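Some notes on the structure that comes next.
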Amino acid sequence: MNRVRNGELYRYICDTKGVFVQPALYEAFGLTVVEAMTCGLPTFATCNGGPAEIIVHGKSGFNIDPYHGDQAAELLVDFFEKSKADPSHWNNISQGAMQRIQEKYTWQIYSQRLLTLTGVYGFWKHVSKLDRRESRRYLEMFYALKYRKLAESVPLTVEIKWNHITRGNLGGSSVSFASS
């Protein structure tokens with residue numbers, strides 16, 4: 001990976017008033033989304049996973065549903081038509097993207113949050129005398145209350161195993177396709 005080249009690629013696309021599109025079925029965090037928005041690229045990214053939290057729809061970018069490509073295409077066309085009619089529209093989304101990153105996703109913010117979490121964990125570990133079984137129950141309860149509904153909302157995929165590979169050394173590979 002060439003970081004300088006990749007950074008320049010984002011800047012070039014930005015200088016030509018382009019956009020960044022990331023239509024993944026699911027993205028755990030969305031580092032490429034953060035990179036694109038840092039450069040001021042209006043970003044269209046999946047509504048499943050991390051990008052849904054990174055992007056404020058219509059202000060710092062756009063969330064698209066990868067299972068509905070026609071709607072995503074319509075959103076892109078609408079964006080470019082508005083930007084052609086009013087060049088400040090592209091600039092507003094670009095500025096919104098950079099502002100969102102500066103407010104939520106800088107290394108300084110990340111390190112402060114990490115230090116806070118380590119402090120909380122260290123204090124919690126020091127004052128509690130929970131054994132491993134109790135800790136596991138606590139984490140299972142936290143998962144059930146906080147993350148189960150989020151996990152259930154992610155669409156399922158169907159895994160198809162290749163019966164044979166015609167070329168290459170890819171024995172036993174699999175491909176995932178979205179189910180409806």
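Everything numeric here is computed off the predicted structure, so don't read it as measured data.
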Do Thr43 side-chain atoms and Gly61 backbone N/O form a donor-acceptor pair below 3.5 Å? no
Between Leu41 and Ile13, is any pair of side-chain heavy atoms under 4.5 Å apart? yes
Once rounded to the nearest 0.5 Å, what's the spacing between atom CG of Asn48 and atom CD of Glu27? 10.5 Å
What's the separation between atom OH in Tyr105 and atom CZ in Phe29, rounded to the nearest 0.5 Å? 6.0 Å
Search all heavy atoms of Glu103 against all heavy atoms of Ile109 and return the closest pair with its distance. O-CD1, 3.2 Å
Atom of Pro66, atom of Leu25 and distance for their closest heavy-atom approach: CG-CA, 3.8 Å
Here the pair of heavy atoms bringing Ser60 nearest to Ala97 is O-CB, 3.5 Å
Do the non-hydrogen side-chain atoms of Met37 and Met98 ever get within less than 4.5 Å of each other? no
Ion pair Asp78/Lys82, N-O distance below 4.0 Å: yes
Note, Leu76 side chain near Val21 side chain (heavy atom, < 4.5 Å): yes
CD/Gln99 to OG/Ser94 distance, rounded to the nearest 0.5 angstrom? 11.5 Å
Over all heavy atoms of both residues, which pair between Ala45 and Val33 is shortest? Give the atoms and the distance, please. CB-CG2, 3.7 Å
How about Ile64 and Gln71: do any of their side-chain heavy atoms sit closer than 4.5 Å? no
Heavy-atom donor-acceptor pair, Arg100 side chain to Ile54 backbone, under 3.5 Å: yes
Between atom CZ of Arg113 and atom CD of Gln108, what is the distance when rounded to the nearest 0.5 Å? 11.5 Å
Does a side-chain heavy-atom distance below 4.5 Å link Thr32 with Tyr10? yes
Please work out whether the ring planes of Phe62 and His57 are parallel, tilted or perpendicular, with thresholds of 30° and 60°. perpendicular
Would you confirm whether Thr106, through its side chain, and Gln102, through its main-chain N or O, come within 3.5 Å as a donor-acceptor pair? no
Verify same cluster id: Tyr110, Ile101 (apolar side-chain graph, 4.5 Å): no
Is there a side-chain contact between Pro42 and Phe79, using heavy atoms and a 4.5 Å cut-off? yes
Counting only heavy atoms not in Glu74, do more than 12 fall under 6.0 Å of its CD? no
Between Cys14 and Trp90, is there a side-chain heavy-atom distance shorter than 4.5 Å? yes
Could you give the distance from OG (Ser83) to CG (Asn91), rounded to the nearest 0.5 Å? 8.5 Å
Taking atom CG of Asn63 and atom CD1 of Ile55, what is their separation to the nearest 0.5 Å? 5.0 Å
Check the hydrophobic clustering (I, L, V, M, F, W, Y; side-chain heavy atoms under 4.5 Å; chains of links allowed) and say if Val19 and Leu75 are grouped together. yes
